Amino acid sequence: MFIASWNVNSIRARLDRLLRWLEVHRPDVMCLQEVKVTDAEFPAEPLREAGYFAEVYGQKTYNGVTILSRSELTDVERGFPGDSSDTQARLIAATARGVRFISAYVPNGGAVGSDAYQYKLEWLNQLRRYLEPHRSGSPGLVLCGDLNIAPDTLDVAKPEQWEGTVLYNQEVRAEFAALLALGFIDTVRRHRPEGGQYSWWDYRQLSFPRNDGLRIDHILVAGGLADLCTDAGIDRDARKGPRPSDHAPVWAIFQDS
DNA sequence: ATGGTTGCTTAGCAA
């Protein structure tokens with residue numbers, strides 16, 4: 001099984017790139033974030049023609065998360081169960097091939113100390129509570145997405161410049177560590193322990209050509225599936241060329257059990 | 001120095 005996760009920063013602006021990536025890599029399951037369309041505007045037809053079922057939790061202008069799968073998706077959940085107060089479409093879960101997949105777009109947080117940052121911390125706390133009862137499920141649980149956290153100094157090209165920002169500070173690193181403490185493994189960390197693998201580069205200040213990046217997009221796996229992960233990485237090439245997303249896809253491979 | 005770029009929507013927000 002080959003899976004991937006990509007913050008596409010608008011699925012309408014990125015549809016050609018997405019279809020090309022699906023055609024070349026043919027992931028069995030792909031989680032998307034920041035699709036930035038309502039369910040009605042979601043381009044289900046070209047994706048169906050490309051061989052993918054799609055489950056969408058859409059929103060106009062902002063956010064929006066999706067799970068694509070070559071096999072059928074069942075038991076779809078949108079948002080945190082029982083939370084009617086959160087109007088932002090940032091979480092969708094579905095089952096494919098007997099595995100529970102979650103596509104998450106964690107709030108960026110704006111600036112440390114802002115209301116947006118408080119919302120980020122509360123959202124991460126809610127995510128942790130949501131994951132707790134699922135974590136040891138068989139055969140496994142996969143949390144994919146833009147978690148907006150760089151977990152380690154190895155995941156930041158210029159750690160001294162980024163220390164203390166919403167993407168890289170002690171508080172959010174502790175939140176990431178708390179996710180791992182639930183029993184998740186960080187697939188890219190496990191298979192690329194040397195670091196220097198980034199998934200996001202700011203559009204500004206020539207960040208990409210300077211490789212001033214951070215690894216903030218992740219595939220975390222819990223349960224029996226974790227031991228079946230044979231490789232994982234980030235497709236930096238997908239950030240190249242005209243009109244890229246500011247994020248690159250993260251991928252992981254699992255031995256079929 | 002609080003800049004710069006992109007997307008959505010069309011002046012301003014979010015990232």
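This structure is a prediction, so every number in the text was calculated from the model and none was measured. Chain letters run A, B, ... following the sequence lines, proteins first, then strands; residues in each count from 1.
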What residues, two or more places apart in sequence or in another chain, satisfy ring-ring contact (aromatic ring centres under 6.0 Å, His included) together with A:Phe42?
none
Sugar-phosphate or base contact per nucleotide [nucleotides 6-15 of chain B; S, B, -; heavy atom under 4.0 Å]:
SSSS---BSB
Between A:Phe2 and A:Trp251, how do the two ring planes meet: parallel, tilted or perpendicular, split at 30° and 60°?
tilted
If I pick the C1' atom on B:dA15 and the same atom on B:dG4, what distance separates them, to the nearest angstrom?
13 Å
B:dA1 and B:dT6: how far apart are their P atoms, nearest whole angstrom?
26 Å
Say we look at B:dG3 and B:dC13: how far apart would their P atoms be, to the nearest angstrom?
13 Å
Kindly state each residue pair satisfying side-chain hydrogen bond (donor to acceptor under 3.5 Å, both in side chains) with at least one member in residues 177-187 of chain A, sequence neighbours excluded.
A:Asp186-A:Arg215
Taking B:dT2 as the reference, what is the distance to B:dG7 when you measure between their P atoms (whole Å, please)?
26 Å
Applying side-chain hydrogen bond (donor to acceptor under 3.5 Å, both in side chains), which residue pairs with at least one partner in residues 105-116 of chain A are found, sequence neighbours left out?
A:Glu34-A:Tyr105
Between B:dT10 and B:dA14, how far apart are the two P atoms, rounded to whole Å?
14 Å
The salt bridge (charged side-chain N to carboxylate O under 4.0 Å, His left out) partners of A:Lys240 (sequence neighbours excluded) come to A:Asp237
Which side-chain N or O atoms in residues 219-232 of chain A pair as donor and acceptor under 3.5 Å with protein atoms at least two apart or in another chain?
unit_1, atom_1, unit_2, atom_2, d
A:Asp231, OD1, A:Arg192, NH1, 3.1

